[in-house]
Protein chains: 2
Amino acid sequence: MAANSQFSMAVHVLSMLARSKDENLKSDFIAGSVNTNAVVIRRLLGQLSQAKLVVSQTGANGGTRLARRPSEISLAEIYKAVNCGEVFALHAKEPNRDCPVGRNIEAVLCCLQKEIDKGIVEKLSTYSLQNLFEMVAENPA
Amino acid sequence: MAANSQFSMAVHVLSMLARSKDENLKSDFIAGSVNTNAVVIRRLLGQLSQAKLVVSQTGANGGTRLARRPSEISLAEIYKAVNCGEVFALHAKEPNRDCPVGRNIEAVLCCLQKEIDKGIVEKLSTYSLQNLFEMVAENPA
DNA sequence: TTGAATTGTAACTAGAATCGTTACAGTTAT
DNA sequence: ATAACTGTAACGATTCTAGTTACAATTCAA
């Protein structure tokens, strides 16, 4: 499959919104920067809106802006807002319950998966959208 | 796509091998516990063999055993041995270079991606296959 | 030395997930 | 009223994983 780039796109989109301050941005304009279709952006914005990270307005002169200041949005919130799966997947088919290993391995792996995910969220929560936006701005083209 | 469960399968397979000590296990037997096809297991064992975590023998009475003791194999090595992608993917299409955000976001995201991956590896390196195997053994069925 | 048991690997299929695209209903400013 | 937007459904193209079959190469053992 194509790899899931929702988090990357979300960070991109939110950086655009951070840059535009309180002005509404159109999905079409954002799509031009991300280099994709406006519907893809609107779908993503829908998730970010549900997570209360952005506010959208329909109608003429509509568009989207941040719901909070960039310094008050952590990358962890963005990560949780978009649907970007787990670090590794558990078994596709249930292992054999007649095997002492097969019987118990899933529970252990599930635990480990959660622990890793917690670590990721912790690391991401040390960055705000503001921090990230500054990195983008500083970065030499 | 179906999610990538290589790491889960690898840990499962290596736990089986840890349990069997120095005895060779057949791919067919392992497949029975993982509940998949023997070829899938052999493919996985190929990767683990390249990473020098296991040793295989062809021919009659062949099979696979651990290359080292379970206490000397960390989960981080297993993670690196199998091909289980990144936490999040970068942009599918290259962003628009004419946009100040689009121009620089990828480099920043790439950095972040590496930092997160480093965190995962650090966390995984605190567990050995032995530790994990003990968790599986202790876990109530 | 023959035969049986195994691994290694190529090739193909089925199924799932993402992204892109078109289409259109609903909303809002002017 | 009309034009400019968002929200969302529906479908296709692409890509990835895992499952499967098939078979060559290797090794043990009688």
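Note that the coordinates shown come from a computational prediction; the quantities given were computed from them, not determined experimentally. Chain A is the first sequence line, chain B the second, and so forth, proteins listed ahead of strands; every chain is numbered from 1.
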Audit row: A:Leu112, B:Tyr127, side-chain contact (heavy atoms from CB on, under 4.5 Å) steps and yes/no:
CA-CA 10 Å; A:Leu112 185 63; B:Tyr127 294 100; 4.0 Å; yes
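- The base of D:dT20 is paired with the side chain of B:Arg43 by a donor and an acceptor separated by under 3.5 Å.
- Backbone-only contact: A:Thr36 has heavy atoms under 4.0 Å from sugar-phosphate atoms and none from a base.
- Taking atom CG of A:Asn24 as the reference point, atom P of D:dA4 lies 17 Å away to the nearest angstrom.
- Across all strands, B:Ser5 comes closer than 4.0 Å only to sugar-phosphate atoms, never to a base (heavy-atom distances).
- Across the protein-nucleic acid pair, B:Lys93 atom NZ and C:dT21 atom C1' stand 10 Å apart, rounded to whole Å.
- Protein atom CD1 of B:Ile41 is 14 Å distant from nucleotide atom C1' of C:dG8, rounded to whole Å.
- For A:Lys26 and D:dG7, the NZ to P distance is 12 Å, given to the nearest whole Å.
- Using a 4.0 Å heavy-atom distance criterion, B:Asn61 is classed as a sugar-phosphate-only contact.
- With respect to the salt-bridge test (charged N to carboxylate O, under 4.0 angstrom), the residues B:Glu86 and B:Lys114 do not qualify.
- Across all strands, A:Leu44 comes closer than 4.0 Å to no nucleic acid atom at all (heavy-atom distances).
- Within the 4.0 Å cut-off from OP1 or OP2 of D:dT6, at least one side-chain nitrogen or oxygen of A:Ser27 is found.
- Between B:Asn4 atom CG and D:dG19 atom P there is a gap of 12 Å when expressed in whole angstrom units.
- Remark: B:Gln57 is not in phosphate contact with C:dA5, judged by side-chain N or O atoms under 4.0 Å from OP1 or OP2.
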